[in-house]
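Working notes, beginning with the structure itself.
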2 protein chains.
Amino acid sequence: MTALHARISGELADRIRSGEWPPGQRIPFEHELTAQYGCARATASKAVQALADAGLVERRRRAGTFVASPRIQTAVLEIPELKTEVRRRGQVYDYQQLARRVRPVNPLDPDEASLARSGDVVELRCRHFANERPLAVEDRLIHLGVAPAAATADFTTVPPGAWLLAHVAWSEAEHRIAAAAADADVAAALEVPTGTACLVLKRWTWREGKGVTFVRQRFAGEAFELVARFAPRSFDQGGHEGRPTPGMRSK
Amino acid sequence: MTALHARISGELADRIRSGEWPPGQRIPFEHELTAQYGCARATASKAVQALADAGLVERRRRAGTFVASPRIQTAVLEIPELKTEVRRRGQVYDYQQLARRVRPVNPLDPDEASLARSGDVVELRCRHFANERPLAVEDRLIHLGVAPAAATADFTTVPPGAWLLAHVAWSEAEHRIAAAAADADVAAALEVPTGTACLVLKRWTWREGKGVTFVRQRFAGEAFELVARFAPRSFDQGGHEGRPTPGMRSK
DNA sequence: TGAGTTATTATGTCTAGACATAATAGGTGT
DNA sequence: ACACCTATTATGTCTAGACATAATAACTCA
């Protein structure tokens, strides 16, 4: 049994997605929906509010509710922890720590300065493997002022991403995605020719405004893609295909 | 005046984000919140449900509501229409159509086959400029079976992305992001050396399950980044910084 | 002991009201 | 024309209940 409010949302969403109600079109008032579906206003309101939360409609007091204009494509990228993701894809995951040291923050590096301007960090370089083949090279900094336990953690067996997920609570993050040519070191680690185009994923993570970790992962060439499938802003009610959105995909 | 349900959501979210309530911790029952805030259960329920929608907590019947484990980083990427984005950044936008033709779909190309297996498409190649410098090369297919008006549209002055936004209603899309070396043609169009690492953004757009358009945009090297800033799954209540998330950023 | 039944609990859904608020339309008077 | 006031309207928020449902805990009986 689908709930009534979900049915109303779904039927409205279908008419919007089909183009029957184009952007700018007014959709029925709440009191019209209550008459149409024989429900209380709270139920109709909940249905319409769900569409508003999804960005499908805009609500204006006194005027009504209108189909929104899809100006920007907002795609929800799920950026997974690599160990989890490789296993989810049924591949053999392996991991190797290449280097580890503790040093002060270098505030002259803009990537580092965004994390913190002072204090000590653990600096790691490691490799992730999928089915015995190098998948990514990871450079990571963990700020010891925020996560002091990282100083004694053993990153030769546990990838830092997995370790942090288990040791740090909810946080904010910023991701940047770019492309860059592999330098000699990275190319060797990925077992590709120097100069190969790499996908570069950088992520800064904060907790209560203080930088916890910075990570840069480089994936070889076109062997990897970030994937984001979405309904406008993920409104997954109306019986549309519901396959889980993979964040990454090998070719 | 903030609404009471928003205040409750915010106060709960703060305790979760601060780590005071770690993942797995049970948060107060709805009936405890009604007592604590002196409100009806519907109000407490709305507050907690908002956190659940944001992915911050999980609700289990009979057991209660628990702080969720942040397994995957879900980042909301806003992938803007280029003309709008360049102007938003205060730069001069320019656009040039390089080639245009109408031809049948080639079902042997996997990118095209994902769009449609038969019918005619408009094939376009064009360039986007920001401040007189090439920003991206765009290859686009528009399926004439779904958007017949594209056959007669003038894409020498209007970029196809902007045209489609104005002519096509809400739709679903899939994005893929990868890195690739620029071939000779693309390198020339971007005015960079052949082999330069490029960020490749591919997007398929469907409407009611039928492919509308496929676009591949290539950005030169590290000149461009996709940016996604987020609270866990975008719960923006509790007085955190609210700067609009830019989807792209030039260096 | 173990399997099946029953009671309990917290969330999920819904109703029929109420008052608040933002925005507009219409009228009034200068 | 213009500024000002006054309904009117749809959404925003909230209450005090009600019954449904899933999951578990407690109990009963073979």
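Protein chains get the first letters and strands the later ones, always in sequence-line order, with residue 1 at the start of each.
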Nearest whole Å is fine: how far is [N] [atom2] from [X] [atom1]?
X	N	atom1	atom2	result
B:I8	D:dT13	CD1	P	13 Å
A:R60	C:dA22	CZ	P	16 Å
B:F29	D:dT24	CZ	P	13 Å
A:R59	D:dT9	CZ	C1'	14 Å
A:Y37	C:dT13	OH	P	17 Å
B:E58	D:dA23	CD	C1'	15 Å
B:Q49	C:dA10	CD	C1'	13 Å
A:E30	C:dT15	CD	P	13 Å

Check your understanding: Looking across every strand, which nucleic acid part, if any, lies under 4.0 Å from A:A3 by heavy atom: base, sugar-phosphate, or nothing?
Key ->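 Here A:A3 touches the backbone only, sparing every base.
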Review point. Ignoring hydrogens and angles, does a donor from either the side chain of B:R41 or the base of C:dT13 sit under 3.5 Å from an acceptor on the other?
Key: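 It does, because a donor-acceptor pair links the side chain of B:R41 to the base of C:dT13 below 3.5 Å.
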Review point. So, does the side chain of B:R62 form a donor-acceptor pair with the base of C:dT8 at under 3.5 Å?
Key: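 Donor-acceptor pair under 3.5 Å: yes.
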Review point. Nearest to the side chain of B:A40 - D:dT11, D:dT15, C:dC14?
Key: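 Nearest nucleotide to the side chain: D:dT15.
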Practice item. Please tell me which of the listed nucleotides, D:dT11, C:dC14, C:dT11, lies nearest to the side chain of A:L4? Key: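 That would be C:dC14.
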Point to revise | Under-4.0 Å side-chain N/O to phosphate OP1/OP2 contact, B:T65 with C:dA10 | key: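 No, because none of the side-chain N or O atoms of B:T65 sits under 4.0 Å from OP1 or OP2 of C:dA10.
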Exercise for review: Establish, with yes or no, whether the OP1 or OP2 oxygen of D:dT13 is under 4.0 angstrom from a side-chain nitrogen or oxygen of B:T43.
Suggested key: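 Checking B:T43 against D:dT13: no side-chain N or O falls below 4.0 Å of OP1 or OP2.
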Practice item. Would you name the heavy atoms of B:S18 and A:R207 that are closest together and state the gap between them? Key: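 Closest approach of B:S18 to A:R207, heavy atoms only: O-NH2, 3.1 Å.
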Point to revise | Whichever of A:S45 and A:G64 has its nearest DNA chain D nucleotide further upstream toward 5' | key: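 The 5'-side residue here is A:G64.
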Review point. Does the cation-pi check pass for A:R26 over A:F29, that is, NZ or CZ under 6.0 Å from the six-membered ring centre and within 45° of its axis?
Key: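 Positive - A:R26 is close enough to the ring of A:F29 and near enough to its axis.
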Check your understanding: So do the side chains of A:K202 and A:D111 get within less than 4.5 Å of each other, counting heavy atoms only?
Key ->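 A side-chain contact exists here, since the closest heavy-atom pair is under 4.5 Å.
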Point to revise | Side-chain donor-acceptor pair present, B:R140, B:Q217, cut-off under 3.5 Å | key: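 The criterion, which ignores hydrogens and geometry beyond distance, is not satisfied for B:Q217 and B:R140.
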Exercise for review: Output all residues satisfying salt bridge (charged side-chain N to carboxylate O under 4.0 Å, His left out) with A:R60, sequence neighbours left out; order by chain, then residue number.
Suggested key: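 Residues passing salt bridge (charged side-chain N to carboxylate O under 4.0 Å, His left out) with A:R60: none at all.
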Point to revise | Whichever of B:R61 and A:A44 has its nearest DNA chain C nucleotide further upstream toward 5' | key: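 In this pair, the answer is B:R61.
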